[in-house]
Amino acid sequence: MDRQSAPALRRRLSLPLLVMYGTGVAVGAGIYVLVGAVAGHAGRYAPLSFLLAAVVMGLTVASYSELCTRFPVAAGEAAYVKAAFRSRLLSTATGLSMVMTAIVAAATVALGASGYIAQFVDWPRPLVASVILIALGAVSGWGVLESVLLASVFTLIEVGGLLVIVGFAFAWGLPVIDSLTAVPPLDAAIWSGIAYASLLAFFAFIGFEDLTNMVEEAKDPARTIPRAIAITLVITATLYAVTAAVAVTALSPAELAGSQAPLSDVFRKLAGASPATISLIAIVATLNTILAEMTMASRVVYGMAKLGDLPDIAGKVHPVTSTPLAATGAIVAVTIALVTFVPFERLAEVTSIATLVVFAMVNLSLLRLRRRRIVTDGPHIRIPLWVPAAGFVTCVGMIAAALLG
């Protein structure tokens with residue numbers, strides 16, 4: 001069978017499904033854990049830290065929006081780097097970095113999910129994590145529409161959990177609006193804490209870039225993908241800021257910083273209900289993140305194979321499922337190996353830095369494409385040149401801050 005007649009990915013994803021997918025992976029497990037750490041550094045100004053992080057992320061979001069419409073292929077970042085620098089080695093390294101970042105994130109979150117599930121099932125955590133990965137890998141391999149529909153259900157549940165917490169806060173008359181609009185004084189120590197908290201909050205937004213790797217399965221990708229990315233950023237920024245405002249008005253920053261499950265404690269105080277409820281929602285949130293990360297990673301592997309950077313077998317699409325089964329199987333196998341044999345003490349930090357390196361390369365790629373005046377076919381978004389420049393500088397700055405901190 002030649003390449004032209006071989007099965008290909010099918011365009012089955014509409015704008016609402018893409019927004020649900022993007023919101024689910026971006027919200028994921030992050031806000032259920034990170035709000036405590038952010039509050040520990042920013043105090044009552046935690047909402048501002050999340051909003052500042054959203055502004056910084058918005059610069060890279062804009063670069064992705066132009067690049068994914070210029071190069072609408074599943075390889076995403078690898079394709080952008082190859083077009084800009086004409087280096088297979090650099091593009092392969094970038095693509096594999098994204099794949100490994102997604103795999104490590106899925107493995108780490110799977111272990112986190114197994115910790116919650118262990119409250120209900122008395123199995124070893126690696127075994128529980130492996131069962132989760134196999135089940136979600138099967139969903140991912142079954143079909144992209146099925147995967148995104150399930151992710152959308154997960155998204156409704158995890159976002160619903162946040163909205164319930166916010167609803168209880170307003171019902172109790174907490175000064176949530178005052179927290180959202182509070183202006184910090186001109187104090188160096190306070191602003192230093194807000195800035196460091198923004199660095200932590202930035203990582204809660206990681207995940208939107210997964211949408212660009214779904215471009216070959218999106219309907220009218222030149223319009224839907226950039227819109228989905230922008231809407232996802234607005235939704236997550238709003239959710240994070242409001243949830244943070246609720247958290248710092250319901251509990252003290254010290255209580256939040258010292259809690260292993262900060263939103264569970266907030267929920268318990270506001271609703272007077274068992275924390276098992278929020279634990280179940282947290283499980284759903286983690287499952288959503290795992291499914292999205294594995295689906296994205298398999299698409300990057302597929303796209304890199306189509307570019308010739310990986311073996312052809314990884315670029316094969318099954319004629320029945322219209323999904324890259326070989327790539328999906330490989331992702332599941334490697335992820336299971338990680339949850340079984342590798343310790344995870346510092347993997348979250350390494351993953352975050354690796355993601356920032358890729359973001360920096362994406363912004364730099366757009367700058368180079370513009371400088372070389374590379375023309376691409378078809379309609380695409382064009383953003384001001386200062387945006388990728390600012391995106392590159394902020395990413396490098398956050399990498400330096402993470403390494404020095």
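Bear in mind the structure is a predicted one, so any value in this text is a computation, not a measurement.
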Under 4.5 Å between any side-chain heavy atoms of [X] and [Y], yes or no?
| X | Y | answer |
| --- | --- | --- |
| Asp309 | Lys82 | yes |
| Val266 | Ile165 | yes |
| Leu163 | Leu239 | yes |
| Met98 | Met304 | no |
| Ser198 | Val56 | no |
| Ile313 | Lys316 | yes |
| Ile381 | Arg223 | no |
| Ser140 | Thr323 | no |

Minimum heavy-atom distance between [X] and [Y], given as atom pair plus value:
| X | Y | answer |
| --- | --- | --- |
| Thr155 | Gly24 | OG1-CA, 3.1 Å |
| Gly43 | Val248 | O-CG1, 3.6 Å |
| Leu48 | Pro184 | CD2-CG, 3.5 Å |
| Ala305 | Gly315 | CB-N, 3.3 Å |

Please check this pair: side chain of [X] against backbone of [Y], looking for a donor-acceptor N/O pair closer than 3.5 Å.
| X | Y | value |
| --- | --- | --- |
| Ser49 | Ile194 | yes |
| Glu66 | Ile383 | yes |
| Ser152 | Met20 | no |
| Ser91 | Arg88 | yes |
| Ser179 | Pro175 | no |
| Thr92 | Leu89 | no |
| Ser192 | Ala188 | no |
| Tyr21 | Ala292 | yes |
| Trp191 | Pro185 | yes |

(request) Pick out which of Thr23, Asn288, Thr289 makes a side chain to side chain donor-acceptor pair (under 3.5 Å) with Glu158. (result) Asn288
(request) Could you check Met361 against Val358 for side-chain contact (heavy atoms from CB on, under 4.5 Å), going step by step and ending with a plain yes or no? (result) CA-CA 5 Å; Met361 287 300 300; Val358 173; 5.5 Å; no
Approximate separation, where rounding is to 0.5 Å, of [X] [atom1] and [Y] [atom2]:
| X | Y | atom1 | atom2 | result |
| --- | --- | --- | --- | --- |
| Lys219 | Leu15 | NZ | CG | 11.0 Å |
| Leu366 | Leu67 | CG | CG | 4.5 Å |
| Glu77 | Cys68 | CD | SG | 10.0 Å |
| Leu90 | Phe85 | CG | CZ | 6.5 Å |
| Thr355 | Ile399 | OG1 | CD1 | 10.0 Å |
| Arg299 | Ile331 | CZ | CD1 | 10.5 Å |

(message) Whether Glu255 and Lys269 form a salt bridge (side-chain N of Lys/Arg under 4.0 Å from carboxylate O of Asp/Glu) is what I want to check.
(response)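 Not counted as a salt bridge, because no side-chain N and carboxylate O are separated by less than 4.0 Å.
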(message) Please verify the inter-ring angle class for Tyr64 with Tyr80; under 30° counts as parallel, over 60° as perpendicular, anything in between as tilted.
(response)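 Correct class here is perpendicular.
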(request) Quick one: list whatever passes side chain to side chain contact (heavy atoms under 4.5 Å, CB included) with Ala218, sequence neighbours left out. (result)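 Scan of Ala218 (side chain to side chain contact (heavy atoms under 4.5 Å, CB included), adjacent residues dropped) gives Leu18, Pro221, Thr224, Ile225.
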(message) Which residues pass the side chain to side chain contact (heavy atoms under 4.5 Å, CB included) test with Val334, not counting sequence neighbours?
(response)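 Listed in chain order: Ile103.
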(request) Evaluate whether atom CG of Asp122 has more than 12 neighbouring non-hydrogen atoms of other residues, nucleotides or ligands under 6.0 angstrom away. (result)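 Not more than 12 within 6.0 Å, no.
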(request) Can you establish whether the number of heavy atoms outside Arg44 located under 6.0 Å from its atom CZ is more than 12? (result) no
(request) List in chain and number order the residues that pass side-chain hydrogen bond (donor to acceptor under 3.5 Å, both in side chains) with Thr238, two or more places apart in sequence or in another chain; answer none if no residue qualifies. (result) none
(request) Apply side-chain hydrogen bond (donor to acceptor under 3.5 Å, both in side chains) to Thr94 and list each qualifying residue two or more places apart in sequence or on a separate chain. (result) none
(request) Go through the structure and list residues passing ring-ring contact (aromatic ring centres under 6.0 Å, His included) with Phe50, not counting sequence neighbours. (result) Tyr240
(message) So, using ring-ring contact (aromatic ring centres under 6.0 Å, His included) as the criterion, who are the partners of Tyr45 when residues are at least two apart?
(response)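 With neighbours one apart ignored, the set is empty.
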